[in-house]
There are 2 protein chains.
Amino acid sequence: MPAPRDIDYDCPIRDVLDRIGDAWTVLVILKLKRQPWRFNALCREIEGISPRMLAVTLRRLERDGLVSRTILDTSPPQVEYALTQRGVSLHGAVDVLGCWAEDNQAGIRKSRADFDQARERT
Amino acid sequence: MPAPRDIDYDCPIRDVLDRIGDAWTVLVILKLKRQPWRFNALCREIEGISPRMLAVTLRRLERDGLVSRTILDTSPPQVEYALTQRGVSLHGAVDVLGCWAEDNQAGIRKSRADFDQARERT
DNA sequence: CCGTATCCGTTATGATACTG
DNA sequence: CAGTATCATAACGGATACGG
């Protein structure tokens, strides 16, 4: 039977990677870095995300104390999401990875092309 | 229809996160940091990994030029995996995230517990 | 020893439609 | 506006057996 996944490594880095490893979390954190956003505005800003996935992603971030959720006293009511202090500090760590990625993107693409070409010759 | 996923963000950080976001890649990089390992030795070292997933993970890392694969001239033949220079530099970037994770693990767990408890009161 | 091939269950997530 | 409910599907990863 597949997927027991019950080996609890108690590995902090896995906790983090399980969170930021998915497709949307990082994009949301990136967007929220500059300014707070309302739900639908954010949904429009992040190309390709569905309301469902945005809701799921924001809920997870909120649960971890990385994003705050504020109900504005307007009519109709609006909800504003912003990075918490902890969220900002995570952004910093993610940014390091982003810089590494930029620095190495070209090299990685080259490696991939070489690797694929080497196998192509059956 | 679900899962088109064809929105190519051309976002370098997504390239990286797609690689390290899975369950095993980071564990492999961590293991290889200290010393090179042979396939089966590595398989025994990393608790819970199957030969299949180790092979898949190593292949991806090799393709990206992060890990080198050396066939030793022994009998029976052995294969040794090691981090390349690029792999070592990725380890550095991942390490930043690891430190963040350690520093924030307790706070995150507290936030999660609080969040879950708040919802429990139906 | 070093993997690869196959099968298949679980999970993640996209689309869509609907509610407060 | 801010989400939630439902459904279907594609991708991930585990078990197992086998090949070089």
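A note on names: the letters A, B, ... follow the listed sequences, proteins ahead of strands, and every chain is numbered from 1.
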Quiz item: In residues 28-39 of chain B, which residues come under 4.0 Å of DNA chain D by heavy atom?
Solution: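 Per residue number, the list is empty: none.
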Of the candidate nucleotides [options], which contains the atom at the shortest distance from the side chain of [X]?
X       : options               : value
B:Arg52 : D:dC1, C:dC1, D:dA15  : D:dA15
A:Asp22 : C:dT4, C:dT13, C:dG14 : C:dT13
B:Pro51 : D:dT4, D:dG13, C:dT4  : C:dT4

Quiz item: For DNA chain C, which residues in residues 58-83 of chain A have a heavy atom at a distance below 4.0 Å?
Solution: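 When residues 58-83 of chain A is checked for heavy atoms under 4.0 Å from DNA chain C, the hits, listed by number, are A:Arg60.
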Self-check item: salt_bridge(B:Asp95, B:Lys33) N-O dist < 4.0 Å
Solution: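 Here B:Asp95 does not pair with B:Lys33 in a salt bridge, since their nearest N and O are not under 4.0 Å apart.
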Heavy-atom closest contact ([X] atom, [Y] atom, distance):
X       : Y        : result
B:Val26 : B:Ile20  : CG2-O, 3.7 Å
A:Val67 : A:Leu58  : CG1-CD2, 4.5 Å
B:Pro12 : A:Ala101 : O-CB, 3.6 Å

Quiz item: Per the end-axis method with five pairs at each terminus, what is the bend angle of the helix from C:dC1-D:dG20 to C:dG20-D:dC1, to 10°?
Solution: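 The end axes of the helix from C:dC1-D:dG20 to C:dG20-D:dC1 are about 50° apart, to the nearest 10°.
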Quiz item: Quick one: does B:Ser89's side chain have a donor or acceptor within less than 3.5 Å of a partner on B:Arg86's backbone?
Solution: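 Yes; at least one donor-acceptor contact below 3.5 Å.
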Exercise. Would you check if the side chain of B:Arg14 reaches a backbone N or O of A:Ala23 as a donor-acceptor pair within less than 3.5 Å?
Key: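 Yes; judged by distance alone, with no hydrogens or angles, the pair exists.
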Practice problem: Please assess A:Ser111 against A:Asp114 for the test side-chain hydrogen bond (donor to acceptor under 3.5 Å, both in side chains), listing each intermediate value before the final yes or no. | Solution: CA-CA 5 Å; A:Ser111 292; A:Asp114 292 349; 5.8 Å; no
